[in-house]
> 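Shown below is the structure under consideration.
Just so it is clear: chains get the letters A, B, ... in the order the sequence lines come, proteins before strands, and each one is counted from 1.
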Amino acid sequence: MSPRDTPEYDPAAVESKWQARWAERHTNEPDLDKPARPNFNLMMFPYPSAEGLHVGNMFAFTGADIYGRFKRLQGYTVFEPIGYDAFGIHSENYAITIGTHPAKLIPKNIAAFRNQLHRLGGMFDWRHELATTDPKYYKWTQWLFLQLYKAGLAYKKRAAVNWCPKDKTVLANEQVINGHCERCNTLVEQRFLEQWFFAITKHAQRLLDNLDRLDWSDSTRTLQRNWIGRSEGAELTFETPAGQKITVFTTRPDTVFGATYLVLAPEHPLVDTLTAREQQAAVRGYQREAQSKDVVTRRVGDTTKTGVFLGSYVRNPATGESIPIWIADYVLMEYGTGAIMAVPAHDERDHEFATKFKLPIKPVVKGDGPLPFVGDDGVLFNSGDFDGLTCAVARKKIVAWLAGRGAASARVQYRLHDWCISRQRYWGPPIPIIYCDACGVVPVPEKDLPVVLPPIEDFRPDDSGVSPLARHQEWYFVKCPQCGAQARRETDVSDTFLDSAWYFLRYPSTEFDDRPFDPARTKTWLPVTTYIGGNEHAVLHLLYSRFTTMVLKDLGHVSFEEPFPKLRAHGIIVKDGSKMSKSRGNVVVPDIYINQWGADTFRMYLMFLGPFQEGGDFRDEGITGIRRFLEKVWHLTHEVSLTPGASPGMPGSPGLPESVVQKLHQTIKKVGSDVDGLQYNTAIAAMMEYVNEVRSAGCTDRRAVEPLVVMLAPFAPHVAEDLWEVLGHSGTVFDAGWPKHDDALAAAGDVEIVVQVNGKVRGRVTVPRGLSQEAVEKLAFADDSVKKFMEGKAPKKVVYVQDRLVNVVV
RNA sequence: GCGACCGUGGCGGAACUGGCAGACGCGCAGGACUUAGGAUCCUGUGGGACCUCCCGUGAGGGUUCGACUCCCUCCGGUCGCACCA
């Protein structure tokens, strides 16, 4: 067929027409109060960078949007909001770099993002757009802090923290990558500062247990499990001749008879009192050295062991032997008790240390390998009454035995640390706390929220470890809400991850200024039906959101404790094999492609690039294939609209070519299940195959084309809407309903059965589907080629797979 | 070092619970239409040969009537964690 009588496909015109219509007709604004079948389709909101939405964002949002649109076609009332994660160091640093103020920069960036998101054609409900930098939003971020504070889950302590000398702020452990700042890659230092923490470790076990019930990928759950890092073991107490007690944590109490020395972290509080006079100089020197390189060298995997003998001894509670005490930086103060019993025969690190410093190595477990034998299935020896027991059995008995003497207790230890939410920076929500000389720490009363971030010009951080807000006295000094005396505000702002730890709760309730989330709306829309986002947030954002929700549940604010029962992670779009970044110069600017090809083509192309959940390498060579496909559908549909005959409606088969009917039903089935599983690349391929079939059959029957337009709609919403209109419909195609397939029709017709001899394909026979084995075999044996390869031998065995193959073994 | 995932044409990628390897698309080649074609349409396209056949999913081995798929060893890559006691 030729496109002679049909209009040209002009994506720009089609797209602006439908974007305007969607707004006019409120197409994407579901009734939040009385939805028939609510479906909260959430995607991770973007950080509005100055560079604009990049290809990775578009990839993620398109994939999530297709899913939401598909659910809508299936009859769900889909709420698909969007917002901006606009606070944070990132924005602030960028503002500093280009010499502007974040409060000027961010609204501009948001406006640009909004424009791009509109052009992409997402099914966003713009009534519920939010930005974390809006006082109407962060009022409730501060409220959230207060709820945790009142519940005893927010506390302040002086702590060794990761300090980034370039960003001049504290980083959470999660934000330190190999001793470097995750943002600017600067070497991180250790500092001691007063910081606000959230007691996330109190919920470690629950956060771990709940993972089993979540519909998340195994890999994401494993990441969280490892991050929480549960290990079971025991605390053992070692006593000095002077009666001082040192507690160690170990997962291998069964090896206590092999503990030949003790090691403390250099910062351990008992180091001073345990150091013999003649060792003081050496110990102090080592402590200074350790502190200077602390978070840096100690964690970079340089395993050369260093340490210093304290000059004193403790008694091994199992053997009664006197063993030396050392300090070494391979023992970390933040984990366990900051002290270990060293069992050099059965621990690699201890073995290396003992070898270097010529400390005694005493094996107590028989095993296969050379020392250090670290296996868990050995049998004890050199262990007094416990000789001959397996490690697993001995472990319990030894703990019980030592516990009887007050020297042991079973203990579960987590790798997870409490969440440090303090940031000594400007661009974040001020932590709503006031310090009063008389009353102490006073939370800002909820009626006084928000504590507005003052619009100061001098917002740059300095090296003092104190937020820039402290320099602004008119803001800093405030009346104590309790006694009215002059008091001082907390000057730290909170971590950006707190902003994003509850935004999903805010979306349905953005119009309410007097509550963070409306109870009725929340009951209707939460938890989130499907959450789609990048795996780079597998630990931080997702763990913090889970924790926050859990706390809100305990406090009675919500009725569920897991915010994201169903999570799907998309892959990453790379360019030339590496992540896109400005410094590499391989950033793909999506706007150029949208200008040249249109949003529909670009959306579909991104999805056709590779499996959505794996991502892929961006190269634009293939985009023309998608455009050709849309052109074909465009012309086909216009041709159909000009063809008199069959009336609108879902297909029945009369008058349609059988091959088209069969392919249609197969396609509906495949596209539906593929989209449901986020396998967009194969769904697109299936639609292409279908179009090829319809065209080669010369079919211009609308019953063959209408379902195609509907299936296309989630991927290319603008052009699908236009074609739906061309087909004579007045409403939105998204009210059309997902087409239904008929398994019988999909399976109708003949099948080709492969005939193998000894596992090699030697022939094929075409038979009606469901033909009996006997009949198929008869046909198979009649095949010339099959006869030839059987060489007249009798079959030893025949393997038969219904409608698929016959394998003759001779 | 530990853990997870992955290696398929010139390229991106398909392949259900083991059952025709290379769907779909790009690119390429030839042809049609055309003043023209970087538009459109048609045909072909893993490699090889003595073109009724053989070889082919990183390498080697195994299980099976049959292996891209399952098992073992190795090589290469990506990501996460990284002295966590």
> Within this structure, what is the CG-to-P distance between A:Asp218 and B:rA4, rounded to whole angstrom?
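Whole-Å distance recorded here is 11 Å.
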
> Contact class for A:Thr250 (heavy atom, under 4.0 Å): base, sugar-phosphate, or nothing?
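A:Thr250: backbone/sugar contact only, no base atoms under 4.0 Å.
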
> Determine the interatomic distance between C1' on B:rU8 and the same-named atom on B:rG13; round to the nearest Å.
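After rounding to an integer number of Å, I get 9 Å for this pair.
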
> Can you tell me how far C1' of B:rG12 sits from CG of A:Leu606, to the nearest Å?
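Those two atoms, CG and C1', are 13 Å apart.
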
> Hey, does the side chain of A:Arg695 come within less than 4.0 Å of B:rC41's phosphate (OP1/OP2), counting only N and O?
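Looking at the OP1 and OP2 atoms of B:rC41, one of them is under 4.0 Å from a side-chain N or O of A:Arg695.
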
> Of the options B:rA82, B:rC11, B:rA85, whose atoms approach the side-chain atoms of A:Arg619 most closely?
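Comparing B:rA82, B:rC11, B:rA85 against the side chain of A:Arg619, the answer is B:rC11.
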
> A:Asn535 CG to B:rU78 C1': how many Å, rounded?
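Distance check: A:Asn535 CG to B:rU78 C1' gives 13 Å.
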
> For the C1' atoms, the ones on B:rC11 and on B:rG80, what distance do you get once it is rounded to whole angstrom?
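Here B:rC11 and B:rG80 have their C1' atoms 29 Å from each other.
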
> Starting from P on B:rA85, measure out to CZ on A:Arg411 and report it in whole angstrom.
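Atom CZ in A:Arg411 sits about 12 Å away from atom P in B:rA85.
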
> Determine the Euclidean distance between corresponding P atoms of B:rC70 and B:rG18; express it in Å to zero decimal places.
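Their P atoms lie roughly 9 Å apart.
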
> Check side chain to side chain donor-acceptor pair (under 3.5 Å) between A:Gln679 and all other residues, then give those that pass, not counting sequence neighbours.
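Here no residue qualifies.
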
> Would you check if the distance from the ring center of A:Phe59 to the ring center of A:Phe602 is below 6.0 Å?
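No: the rings miss the under 6.0 Å criterion.
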
> Starting at the 5' end of RNA chain B, which residue's closest nucleotide do you reach first, A:Asn226 or A:Gln679?
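Nearest-nucleotide comparison on RNA chain B picks A:Asn226.
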
> Would you say a side-chain N or O of A:Arg415 is under 4.0 Å from OP1 or OP2 of B:rA82?
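Checking A:Arg415 against B:rA82: at least one side-chain N or O falls below 4.0 Å of OP1 or OP2.
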
> Hey, is the main chain of A:Ser409 close enough, under 3.5 Å, to the side chain of A:Glu235 for a donor-acceptor pair?
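No, the answer is negative, given that no donor and acceptor are paired below the 3.5 Å cut-off.
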
> Without decimals, in angstroms, what is the distance between A:Arg627 CZ and B:rU40 C1'?
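So the CZ-C1' distance, A:Arg627 to B:rU40, works out to 14 Å.
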
> Could you tell me whether the side chain of A:Gln413 and the main chain of A:Ser231 form a donor-acceptor pair under 3.5 Å?
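It does not hold such a pair.
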
> When you compare B:rA67 with B:rC16, how far apart are their C1' atoms, in angstrom units rounded to a whole number?
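These two C1' atoms come out 15 Å apart once rounded.
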
> side-chain contact (heavy atoms from CB on, under 4.5 Å) between A:Ile340 and A:Leu262: does it pass, once the steps are laid out?
CA-CA 6 Å; A:Ile340 61 159; A:Leu262 218 64; over 6 Å; no

> Can you tell me how far P in B:rU52 sits from the matching atom in B:rC6, rounded to whole Å?
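These two P atoms come out 40 Å apart once rounded.
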
> Quick one: side chain to side chain donor-acceptor pair (under 3.5 Å) partners of A:Thr201, sequence neighbours excluded?
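A:Thr201 satisfies side chain to side chain donor-acceptor pair (under 3.5 Å) with A:Asp418 once adjacent residues are dropped.
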
> What interatomic distance, in whole Å, is found between P of B:rC71 and the corresponding atom of B:rA21?
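The answer is 22 Å between these two P atoms.
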
> Does B:rG9 count as syn, meaning its glycosidic angle lies within 90° of 0, or as anti?
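Here B:rG9 takes the syn form, which means its glycosidic angle is within 90° of 0.
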
> Treating primed atoms plus P, OP1 and OP2 as sugar-phosphate and everything else as base, which nucleotides of nucleotides 19-32 of chain B get B, S or - for protein heavy atoms under 4.0 Å?
BB--BBSSS-----

> Roughly how many Å apart are B:rG58 and B:rC75, using the C1' atom of each and rounding to a whole number?
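Going atom to atom, C1' in each nucleotide, I get 7 Å.
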
> Taking both distances under 3.5 Å as the test for a Watson-Crick or G-U pair, what stems of at least three pairs does RNA chain B have?
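Runs of three or more consecutive pairs: B:1-7 with B:75-81, B:10-12 with B:24-26, B:27-32 with B:40-45, B:46-48 with B:53-55, B:58-62 with B:70-74.
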
> On the 0 to 90° scale, with breaks at 30° and 60°, tag the A:Tyr680-A:Phe612 ring pair as parallel, tilted or perpendicular.
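Answer is tilted, since the angle falls between 30° and 60°.
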
> Between B:rC79 and A:Ser219, is there an OP1 or OP2 to side-chain N/O distance shorter than 4.0 Å?
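For B:rC79, OP1/OP2 do not have a side-chain N/O of A:Ser219 under 4.0 Å.
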
> Work out how far the C1' atom of B:rU64 is from that of B:rG31, and round it to whole angstrom.
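The same atom, C1', in both gives a distance of 47 Å.
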
> Test of understanding: with ring pair (Phe, Tyr, Trp, His ring centres under 6.0 Å), list the residues that count as partners of A:His537, not counting sequence neighbours.
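Applying ring pair (Phe, Tyr, Trp, His ring centres under 6.0 Å) to A:His537 gives A:His541.
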
> Is there a side-chain contact between A:Thr251 and A:Phe249, using heavy atoms and a 4.5 Å cut-off?
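They are in side-chain contact.
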
> Quickly work out the A:Lys797 NZ to B:rU64 P distance and round it to whole Å.
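Whole-Å distance recorded here is 10 Å.
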
> Whole-Å distance between B:rG38 C1' and A:Trp597 CH2?
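Distance check: A:Trp597 CH2 to B:rG38 C1' gives 11 Å.
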
> Rounded to whole Å, please give me the gap between OH in A:Tyr330 and C1' in B:rA85.
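After rounding, the gap between these two atoms is 8 Å.
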
> Have a look at B:rC51 and give me syn or anti from its glycosidic angle (syn if within 90° of zero).
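Because its glycosidic torsion lies within 90° of 0, B:rC51 adopts the syn conformation.
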
> Can you name the ring pair (Phe, Tyr, Trp, His ring centres under 6.0 Å) partners of A:Phe353, sequence neighbours left out?
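Testing A:Phe353 for ring pair (Phe, Tyr, Trp, His ring centres under 6.0 Å), a comparison that skips the adjacent residues, returns A:Tyr261, A:Trp326, A:Tyr330, A:Phe357.
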
> If we only count heavy atoms from C-beta on, is the A:Gln613 to A:Arg568 side-chain gap below 4.5 Å?
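A side-chain contact under 4.5 Å exists here.
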
